[in-house]
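The structure appears below as structure tokens.
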Amino acid sequence: MAEMLRVNNLVKHFPVRQGFFGRSRGKIHAVDGVSFTLEENQTLGLVGESGCGKSTIGFCILRLIKPTAGEVWFEGHNLVTAPPETLRQLRKELQIVFQDPFGSLNPRMTVAQIIEEPLLNHLDLSASRRREMVAESLSMVGLLPEHATRFPHEFSGGQRQRICLARALILRPKVIICDEPVSALDVSVQAQVLNLLSKLQRELKLSYLFVSHDLAVIRHVSHRVAVMYLGQIVEEADVKELYSRPLHPYTQALLSAVPVPNPRKRRRRILLEGDVPSPLDPSPACRFHSRCPNAMEICREAAPPLRSINEDHQVACHLYDENRPAPAESGNKKTLPAIPGGNTTNQTM
Ligand code: SF4
């Protein structure tokens, strides 16, 4: 499969200033060394708690905010260092759909004006061609031509998100960053918008970076999933592999909280205790160690790198480090935690 977008070691720190003279108090490490690849015609789901930095990654890719360091490769250009004109050209092929469909639509503009705005900014087309393209985009997202003359407040939440999608599609992009696109919608409407996204992906060969905190939504739309915790990817795998064999203690805790749609089946819930560490100048330890039920001495001293467990699965956890010192109680065997919802016998390596 062809590579569409590659992110290398992306970093975004926000300085925190205090007092009359704005003295620096440190930096919020919103994104810290994130790397991944988005393949053509695929969806990469980015999942994690609110505030873990997943939306910041999307904004950095589009250069809506400037990354502190790292590379974002698209069509042979590094978007982080690309000059403004190159960036403007490439932005035609990289679009975003935001979480709040009402807040992202100008209430004073008609639907036609909203959807054709990217055409006016990027292409020199006649008014009749623009009207045709607006009608095509409306039809692609399941709206009618007569909707073009109406205003955003005349639509439901789901329809407004369709208008946002029509605007994103009008320039025929290759990549769409979907930033929590259904979390503000009712569950029944969520399903319609998710099915529409899947249909558009099949028809237009789109690649999605799908950001969400909802594991069920991520499972439904993604081909691969990256789990984030406090600005870092802690686990990445193919969607089936991740949901059937989660390895990182944080992923296991997240999945243990998802309700099972079968009253006879019970899943052992993992309750996380301890405080979420501050993203302000975090220590070099594993960022999950204060809440991790499997934390060891080494976890308080050094952050684990993201390492491959197999061809399709990467995890950042000392439990899977073959060279870590064996815990005293387990002799020379290194015991891995049980997998909730999957095989409950402990694995050894
Ligand atoms: Fe838990 Fe240690 Fe793994 Fe971090 S490295 S997730 S603290 S076991």
Side-chain angles (χ1 to χ4, degrees), residues 9 11 28-36 45-54 57 213 215 218 224-238 241-258 267-310 312-349:
N9 218 5
V11 175
I28 297 283
H29 290 225
V31 178
D32 235 354
V34 164
S35 302
F36 59 81
L46 215 47
V47 68
E49 293 168 311
S50 295
C52 70
K54 50 195 191 307
I57 292 177
H213 65 276
L215 285 152
I218 286 283
R224 280 188 76 72
V225 179
V227 181
M228 283 195 70
Y229 186 78
L230 270 185
Q232 295 178 326
I233 290 180
V234 294
E235 187 164 5
E236 190 190 335
D238 169 83
E241 164 91 0
L242 189 109
Y243 280 78
S244 61
R245 205 169 78 97
L247 296 180
H248 196 280
Y250 177 60
T251 317
Q252 293 179 351
L254 283 182
L255 288 182
S256 78
V258 176
R267 183 178 270 164
R268 185 170 58 88
R269 178 81 196 264
I270 302 172
L271 290 173
L272 294 178
E273 291 171 359
D275 296 328
V276 182
S278 166
L280 186 68
D281 294 331
S283 74
C286 168
R287 293 192 183 175
F288 190 55
H289 82 271
S290 60
R291 302 168 80 193
C292 180
N294 307 93
M296 303 167 286
E297 201 49 46
I298 189 174
C299 308
R300 293 178 191 90
E301 290 160 10
L306 199 63
R307 55 169 68 83
S308 292
I309 297 298
N310 61 41
D312 240 4
H313 202 150
Q314 292 178 301
V315 64
C317 176
H318 288 304
L319 288 170
Y320 306 94
D321 177 5
E322 291 181 5
N323 300 319
R324 77 178 161 91
E329 66 274 22
S330 61
N332 287 326
K333 277 190 167 180
K334 295 166 188 172
T335 308
L336 302 188
I339 298 164
N343 183 1
T344 50
T345 45
N346 279 3
Q347 307 163 65
T348 53
M349 45 184 235

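Note that ligands are numbered from 1 as they come in the structure, with each ligand's atoms numbered from 1 the same way.
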Donor-acceptor pairs under 3.5 angstrom involving side-chain atoms of residues 277-286: please list them, not counting sequence neighbours.
unit_1 : atom_1 : unit_2 : atom_2 : d
S278   : OG     : L280   : N      : 2.9
D281   : OD1    : K27    : N      : 3.2
S283   : OG     : A285   : N      : 3.3

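The side chain to side chain donor-acceptor pair (under 3.5 Å) check on D312 picks up R224, with sequence neighbours excluded. With sequence neighbours excluded, the residues forming a side chain to side chain donor-acceptor pair (under 3.5 Å) with E235 are T251, H313, listed by chain and number.
Formation of a donor-acceptor pair under 3.5 Å by the Y250 side chain with backbone atoms of R291 is not found in this model. In terms of modelled atom types and a separation under 3.5 Å, the side chain of Y320 and the main chain of L247 share a donor-acceptor contact. Side chain of H29 to main chain of Q232: no donor-acceptor pair is present (N/O by atom type, distance under 3.5 Å, no hydrogens or angles).
For atom 4 (Fe) of ligand 1, the tally of protein N/O/S atoms lying closer than 2.8 Å stands at 1.
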